[in-house]
Amino acid sequence: MMDQQHSEHGQGHGTLKQYVIGFALSIILTIIPLIIVLNDLLEGAAAIVVLIGMGALQFIVQLIFFMHLREEKKPRYNLMTLIFGLIILVTIVGGSMWILLYNGVMHH
Amino acid sequence: MANSLNHEMMNEHQHGHDGHHDQEELRQFGFWIFLMTDVILFSVLFATYIVLSGSTNGGPGTELFELNGIIISTFVLLTSSFTSGLAVLAMHQGKKNALINWLIVTALLGATFITLEVTEFMTLVHEGATIGTSAFWSAFFTLVGTHGLHVSIGLVWMVALMFQIKKYGINPVTIRKVNIVSLYWHFLDVVWIFVFTIVYLMGVM
């Protein structure tokens with residue numbers, strides 16, 4: 001019964017609590033990298049890994065708390081499309097960086 | 001392809017639902033596919049920016065970035081993502097006025113973000129960094145400008161939607177449109193987080 005009522009609105013739309021938690025998490029995930037950069041707490045590869053990691057977590061927070069990806073009904077077409085998009089993203093960004101940044105160094 | 005997808009989605013809700021509702025859901029999925037094409041567009045622009053981030057041709061580089069303004073606009077956009085969520089929440093509770101008011105708050109925050117961005121661009125140009133200065137600045141203005149253009153389109157769209165809701169109220173069509181514009185707005189927030197991290201935070205590091 002509960003389920004039927006929920007699906008009446010199509011996609012899930014969350015609760016106030018969910019939005020507040022999501023908002024708080026997104027603020028925290030923005031402040032942490034800011035503190036790291038403004039105080040020079042990390043350098044080089046470690047800094048890049050932490051900063052990108054925070055960005056990725058932020059992305060997941062938005063997907064779950066705001067875009068309601070987890071409340072999607074089966075079959076999970078949205079999730080499948082997202083994974084496809086991310087594979088293309090990693091291929092383009094990773095591939096370009098690998099070829100144009102690192103292979104370029106070899107010629108110097 | 002679209003037909004078989006439609007058919008599968010129909011099967012999903014065969015109990016007690018009309019075809020119209022499934023059509024709305026399919027339209028939302030179509031918009032999700034559009035967002036994924038935007039993921040591809042932005043990944044190309046990010047790849048270009050990362051590869052060209054050292055190519056300043058002896059001219060000005062990332063030292064021109066003013067982090068204070070960027071921090072303010074980041075929190076403005078994060079907050080607007082939250083308020084667009086509150087708009088969706090008000091809509092599902094059937095509160096038409098609250099829905100319109102939250103959309104107004106979201107649009108005002110979005111307009112603040114765009115104003116800050118235009119101010120930043122003008123300062124940069126004033127200091128001698130234009131889109132033609134070097135490969136780095138071409139990549140910078142294309143990436144950040146494309147995001148700003150998306151936000152501006154979202155603003156126009158949101159304002160148009162407010163008039164529609166005022167005129168027609170909350171019905172299946174306006175529900176879908178609000179859901180979609182909110183999805184778009186959250187997505188732009190995600191893109192901005194990566195602009196903020198890769199362009200600005202790593203730029204000043």
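Just so it is clear, the values below take in all heavy atoms, side chains as well, and ignore hydrogens, waters and symmetry mates. Per chain, numbering begins at 1; letters A, B, ... match sequence-line order. Nothing here was measured: the structure is a model prediction, and the numbers come from that model.
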When the 4.5 angstrom heavy-atom criterion is applied to L63(A) and chain B, the contacting part is side chain
For residues I71(B) and L34(A), determine if any side-chain heavy atom of one lies less than 4.5 Å from a side-chain heavy atom of the other.
yes
Chi angles and distances behind the side-chain contact (heavy atoms from CB on, under 4.5 Å) call for I193(B), L29(A)
CA-CA 10 Å; I193(B) 287 304; L29(A) 287 171; over 6 Å; no
Checking heavy atoms, do the side chain of D189(B), its backbone, both or neither come under 4.5 Å from chain A?
side chain
When the 4.5 angstrom heavy-atom criterion is applied to I60(A) and chain B, the contacting part is neither
To the nearest 0.5 Å, atom CZ of F82(B) lies from atom OG of S26(A) at 9.0 Å
Dump the intermediate steps for side-chain contact (heavy atoms from CB on, under 4.5 Å) on L78(B) and I27(A), then the final yes or no.
CA-CA 7 Å; L78(B) 278 177; I27(A) 295 283; 4.3 Å; yes
At a heavy-atom separation under 4.5 Å, does S84(B) approach chain A through its side chain, its backbone, both, or neither?
neither
At their closest point, which heavy atom of S43(B) faces which heavy atom of V93(A), and how far apart are they?
O-CG2, 3.5 Å
Atom group of V44(B) that falls short of 4.5 Å from chain A, counting heavy atoms:
both
Name the region of V37(A), side chain, backbone, both or neither, that has any atom closer than 4.5 Å to a heavy atom of chain B.
side chain
Between F187(B) and chain A, which part of the residue has a heavy atom less than 4.5 Å away: side chain, backbone, both or neither?
both
For a 4.5 angstrom cut-off between non-hydrogen side-chain atoms, does W32(B) reach L69(A)?
yes
Given a strict heavy-atom distance threshold of 4.5 Å, which part of V20(A) is in contact with chain B: side chain, backbone, both, or neither?
both
Could you check if a side-chain atom of F59(A) sits within less than 4.5 angstrom of a side-chain atom of V191(B), using non-hydrogen atoms only?
no
Mind checking whether L67(B) and L38(A) have side chains closer than 4.5 Å, heavy atoms only?
yes
Which residues from residues 194-204 of chain B are near chain A, with near meaning under 4.5 Å between non-hydrogen atoms?
F194(B), F196(B), T197(B), I198(B), L201(B), M202(B), V204(B)
When H186(B) is tested against each of Y19(A), F23(A), F66(A) for ring-ring contact (aromatic ring centres under 6.0 Å, His included), which residue passes?
F66(A)
